[in-house]
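I have placed the structure first, in the form of structure tokens, so that the comments after it can refer back to it.
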Amino acid sequence: MNNKFIPIISVFMTISLVVFVSLQFYWLKEYYTALEQDFSNKVYTALESSSKKIEELEIQKYNEKFKNFDKTLANNAKSPTLFQIQQTQDSANKTTLTFNKTIIEKQNIPISKKGDSITKIKLYKDEGLYSIKKNESTPQIISSVQSQDISSGQFTLTEFAKFNASNLPINQRVNPKMLDSVLAKELKNNGINSKFGYGILDKNNKLTQISNNTYLDQRDKTNYNFPLFTDDKDRTLFTLSLVFPRKDASLAMNNLPMLLGTFMSLLTILGIYIISINYMMKQKKISEVKTDFINNMSHEFKTPLATISVATDALANDKISTNPEKVKYYSQLIKQENLRMKKQVENVLNMSKLERNEVKLFLKETNVRELIKQISQSFRLIVEERGGTLTEEFKAEHYNVKVDEFHLSNALVNLLDNANKYSPETPEIRITTRNEPGFYVIAISDKGMGMEQHNRTKIFEKFFREETGNIHNVKGQGLGLSYVKKIVELHHGQVIVESEKDKGSTFTIKLPMK
């Protein structure tokens with residue numbers, strides 16, 4: 001993927017993600033609104049049926065208290081006097097039928113054992129009106145429905161109960177346990193199992209004695225209200241109010257599969273987005289690192305190739321070709337630069353083998369102290385050419401360790417080479433060894449440029465090189481430390497780095513003794 005397209009693709013992916021997530025949240029909001037509306041409809045349906053049930057239970061209570069009251073009414077159905085008044089209204093073809101009814105004429109109705117009774121009860125009072133078509137040529141006849149409304153014994157009992165109970169306090173009309181039972185049953189019938197609180201409000205919207213603790217604690221939440229009792233003019237006397245403290249949790253649980261599916265899709269899209277962006281950033285970084293690596297390799301090869309080219313031209317010169325010393329000098333120069341290029345190629349090939357796990361160590365009992373002495377002796381010449389120093393401090397009493405001499409030597413040379421290269425001034429390099437429980441420890445320190453804290457873990461990545469202004473002012477391919485880490489890990493050891501910017505670095509290798 002071309003690096004210049006990565007930012008554009010990232011922007012488009014980000015915009016797409018924002019649009020998708022916004023649509024998902026909008027859909028969730030609309031879905032939740034629909035769920036709330038459905039919940040409200042179910043609650044009001046339950047409230048309506050509960051209100052009717054409570055009124056029916058009150059009628060039933062009167063029926064049980066005044067036994068045979070409805071039969072008495074039915075037996076005296078012929079006793080009432082019906083008054084029919086036909087009156088012409090403003091409209092020429094409309095008439096109004098006004099009626100009242102004496103339920104039991106000149107007869108007492110017992111309502112208690114103490115001798116209390118009623119003598120007469122009028123029904124419909126002012127509401128007993130029917131508008132009918134006027135036909136002056138024939139008598140007006142009331143319908144069967146009208147007749148049933150006027151003469152029904154059951155209706156009379158209902159009106160009597162309403163008339164008698166309308167002035168009673170609410171605690172005498174409603175039993176809290178019965179109310180709780182009725183509400184729970186009706187809510188369950190409508191598919192609502194959430195915890196609820198109930199309370200009854202009077203006509204002034206003040207809370208009465210009938211309520212439970214849940215309602216008292218949660219009454220500030222959304223209330224669902226419905227008329228409970230009405231008077232003879234259908235005016236609301238009391239209001240039944242419900243609250244649901246766990247409504248949101250209940251809605252979520254009842255729609256858990258749908259919500260989980262939505263959130264899982266959101267998380268999946270978000271995960272894919274993060275992985276994709278991370279992958280593209282890594283690809284961009286790898287591409288940049290590889291470009292730097294190629295530039296560095298080109299620079300590394302350019303110098304020896306130029307030197308070889310100059311030496312070859314010099315050998316072709318007749319004056320030099322006849323001088324054995326000059327021929328020997330230029331021949332050694334060509335050989336030296338050739339070995340230098342060979343070493344660079346071998347570094348790349350070794351890293352490639354390490355990546356494919358094709359490198360096998362040949363472990364044998366080795367005197368690591370002597371191995372370090374040999375390496376430091378040959379490397380000291382390079383350091384001293386720059387006027388620097390390379391000192392050794394061997395504190396380890398046990399130094400025979402099973403190692404691969406070739407690869408461990410290369411790893412130590414890489415660390416010494418870095419200590420020299422990243423010391424801009426006169427190099428001061430120290431090699432120390434010590435024993436720790438179960439480990440042989442080698443520490444290589446310098447007083448060079450050090451590194452930033454955030455780069456301490458990155459330096460072991462393949463091709464990584466810390467920026468130093470000019471990328472070519474310190475030669476290398478960014479493979480040395482990666483190679484060191486791989487070799488030490490193959491020895492089942494570990495590499496630790498301590499560094500401070502402009503004060504130097506210390507690389508510590510711990511090799512297991514067993």
Supply the atom-to-atom distance [X] [atom1] to [Y] [atom2], rounded to the nearest 0.5 angstrom.
X	Y	atom1	atom2	answer
Ile210	Asp202	CD1	CG	12.5 Å
Leu490	Asp404	CG	CG	9.5 Å
Ile372	Phe379	CD1	CZ	14.0 Å
Leu415	Leu481	CG	CG	6.5 Å
Phe196	Asp180	CZ	CG	4.5 Å
Phe507	Leu412	CZ	CG	12.5 Å

ring-ring contact (aromatic ring centres under 6.0 Å, His included) partners of [X], counting only residues at least two apart:
X	value
Phe25	none
Phe439	none
Tyr31	Trp27

For the [atom1] atom on [X], are there more than 12 heavy atoms of other groups (residues, nucleotides or ligands in this structure) within a distance under 6.0 Å?
X	atom1	answer
Glu36	CD	yes
Tyr273	OH	yes
Glu425	CD	no

Salt bridge present between Glu56 and Lys52 (N-O < 4.0 angstrom):
no
Look at Glu392 together with Lys373 and state whether they make a salt bridge at an N to O cut-off of under 4.0 Å.
no
Whether the side chain of Ser499 engages the backbone of Met451 through a donor-acceptor N/O pair (distance < 3.5 Å, no angle test) should be reported.
yes
Should the pair Tyr483 and His407 be assigned to parallel (<30°), tilted (30 to 60°) or perpendicular (>60°) ring geometry?
tilted
What orientation do Tyr224 and Tyr44 show, parallel under 30°, tilted 30 to 60°, or perpendicular over 60°?
perpendicular
May I have the step-by-step check of side chain to side chain contact (heavy atoms under 4.5 Å, CB included) for Val174 and Leu228, ending in yes or no?
CA-CA 10 Å; Val174 177; Leu228 180 56; 4.2 Å; yes
Residue list, side-chain contact (heavy atoms from CB on, under 4.5 Å) with Tyr399, at least two apart or on another chain
Asn367, Arg369, Tyr440
Please test His491 against Leu363 for side chain to side chain contact (heavy atoms under 4.5 Å, CB included), starting from the C-alpha separation and ending with a verdict.
CA-CA 9 Å; His491 281 84; Leu363 303 176; 3.7 Å; yes
Locate the shortest heavy-atom distance separating Met513 from Asn400; write the atom from each residue and the value.
CE-O, 4.1 Å
Using every non-hydrogen atom in the two residues, find where Lys195 and Phe244 come nearest and quote the distance to one decimal.
O-CD2, 3.6 Å
Donor-acceptor pairs are to be reported for all side-chain atoms of residues 442-450 against protein atoms at under 3.5 Å, with residues two or more places apart or in another chain.
| unit_1 | atom_1 | unit_2 | atom_2 | d |
| --- | --- | --- | --- | --- |
| Ser445 | OG | Thr506 | OG1 | 3.1 |
| Asp446 | OD1 | Gly448 | N | 2.8 |
| Asp446 | OD1 | Ser505 | N | 3.4 |
| Lys447 | NZ | Glu428 | OE1 | 3.4 |

Kindly indicate, with the supporting measurements, whether the criterion side chain to side chain contact (heavy atoms under 4.5 Å, CB included) is fulfilled by Leu266 and Val21.
CA-CA 7 Å; Leu266 278 173; Val21 172; 4.1 Å; yes
What residue among Leu207, Thr208, Thr214, Asn213 forms side-chain contact (heavy atoms from CB on, under 4.5 Å) with Ser211?
Leu207
Please determine whether side chain to side chain contact (heavy atoms under 4.5 Å, CB included) holds for the pair Leu240 and Leu183, giving the CA-CA distance in whole Å, both sets of side-chain angles, and the decisive distance to 0.1 Å.
CA-CA 10 Å; Leu240 180 57; Leu183 287 170; 3.8 Å; yes
Which pairs would a plain distance check flag for residues 186-194, meaning a side-chain donor or acceptor within less than 3.5 Å of a matching protein atom at least two apart in sequence or in another chain?
| unit_1 | atom_1 | unit_2 | atom_2 | d |
| --- | --- | --- | --- | --- |
| Glu186 | OE1 | Ser49 | OG | 2.8 |
| Asn189 | ND2 | Lys185 | O | 3.2 |
| Asn190 | ND2 | Glu186 | O | 2.7 |

